[in-house]
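Each chain gets a letter, A, B and so on, in the order its sequence line appears, and its residues count up from 1. It should be emphasised that the depicted structure is a prediction, and the values quoted were computed from it without experimental measurement.
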Number of protein chains: 2
Amino acid sequence: MIKGIIFDLDNTLVDFMRMKKHSCEEAMVAMIDSGLEMDKEKGLKILYKLYDKYGIEHKQIFQEFLKKVNKKIDYKILANGIVAYRRVKAGFLIPYPHVHSTLLALKNKGIKLAILTDAPRMRAWTRLASLKLTDFFDAVITFEETGKKKPHKKPFEKALKSLGLDANEVLMVGDWPERDIEGAKNLGIKTCFAKYGYGWRKKKLGKVRSNFMINDIKELLRIIK
Amino acid sequence: MIKGIIFDLDNTLVDFMRMKKHSCEEAMVAMIDSGLEMDKEKGLKILYKLYDKYGIEHKQIFQEFLKKVNKKIDYKILANGIVAYRRVKAGFLIPYPHVHSTLLALKNKGIKLAILTDAPRMRAWTRLASLKLTDFFDAVITFEETGKKKPHKKPFEKALKSLGLDANEVLMVGDWPERDIEGAKNLGIKTCFAKYGYGWRKKKLGKVRSNFMINDIKELLRIIK
């Protein structure tokens with residue numbers, strides 16, 4: 001019987017890559033408006049390559065971008081890019097449809113809930129706070145809690161311990177087959193693949209060896225029953 | 001004849017302390033809502049004292065606050081405070097009345113404009129970008145440009161050099177008598193005291209030895225003529 005659910009955060013509860021895409025586009029438009037000599041699409045390609053290189057949570061990505069394309073940083077261009085990015089991000093940082101009502105229904109059933117994310121602690125927590133979701137979770141495990149990323153067993157073990165539940169009482173919900181699903185399976189945790197969060201990847205989806213697969217988070221209520 | 005104007009930024013072009021006050025109040029309410037056991041007014045007093053101690057631009061002031069009042073940092077409380085702070089800040093970061101139209105009129109008269117602020121570079125630039133003011137200025141001198149703060153002569157010299165003007169061709173506009181006005185006078189720069197930006201201080205205003213004094217930035221157009 002499922003007594004607890006562990007959720008991945010980005011692209012499982014929040015459409016992170018949609019936010020990222022729109023924010024980067026508006027940042028590029030703002031930088032061009034402020035004097036950057038660059039074709040928008042070409043600039044975005046370079047920016048996304050830098051994200052691939054430095055990681056999607058890199059804190060100075062626009063600085064790296066301007067150094068790469070202009071040799072030096074023009075602070076007028078940089079500041080207008082960052083401000084546009086933040087403005088759009090604030091508007092797009094919303095939960096997927098049915099996240100709020102589903103979490104509430106799960107809490108009403110007495111299910112314990114946890115977040116298990118590889119994101120840095122402050123980023124993860126402020127993202128949850130922006131989404132108004134901090135009250136729902138009995139545990140929030142971020143990168144800093146173990147210093148290891150999924151599929152390493154440590155973050156999963158930490159989540160189970162924080163919930164006070166055994167592996168066979170818990171369901172892991174996530175959009176990343178190699179990290180969320182395989183990592184949880186290795187510990188005997190049941191798994192649910194959030195297929196709706198996978199679409200942004202270039203890589204075609206192979207066979208996912210999860211116990212369940214959902215296209216909308218509200219389907220969890222059926223699975224739990 | 002005045003050929004250039006150097007503006008202080010915070011409390012001269014933007015009502016920084018009003019933003020700070022409202023943002024801190026909402027952050028405190030959000031932290032209390034998230035579990036902080038604290039009287040709101042008492043919490044704000046402690047927070048403002050920490051700003052006095054660490055400086056108004058300190059980047060981890062809520063971390064310091066929670067360490068002080070709770071011994072350790074509760075990330076749920078911290079994240080909800082920070083998110084509330086940012087949300088309110090975004091709404092209050094607007095120029096004083098008549099800033100935009102006055103800057104435009106000054107540019108139309110061929111007056112060169114500069115910003116001279118003790119704020120850190122990225123903070124100053126993103127503040128200007130949020131205000132949509134980056135296009136107005138021929139030079140932006142922040143703390144990092146000289147490593148010295150007003151009334152030190154270095155930032156003033158840097159501003160004059162960036163504008164390509166002599167001291168007697170320039171007017172300094174600022175709200176801080178000891179820093180903006182005295183600092184500019186020491187170099188022979190004409191001075192205008194932005195009295196409207198002074199009110200938040202506890203200290204009563206003494207005699208200000210400026211050439212001009214304004215209660216609204218649009219009065220500059222009369223002074224320049």
Enter the distance from B/Trp125:CH2 to A/Asn80:CG here, rounded to the nearest 0.5 Å. 8.5 Å

Looking only at heavy atoms, which of residues 126-162 of chain B get nearer than 4.5 Å to chain A? B/Thr126, B/Ala129, B/Ser130, B/Lys132, B/Thr134, B/Asp135

Say you draw a straight line from CZ of A/Arg121 to OH of B/Tyr75; how long is it, rounded to the nearest 0.5 Å? 3.5 Å

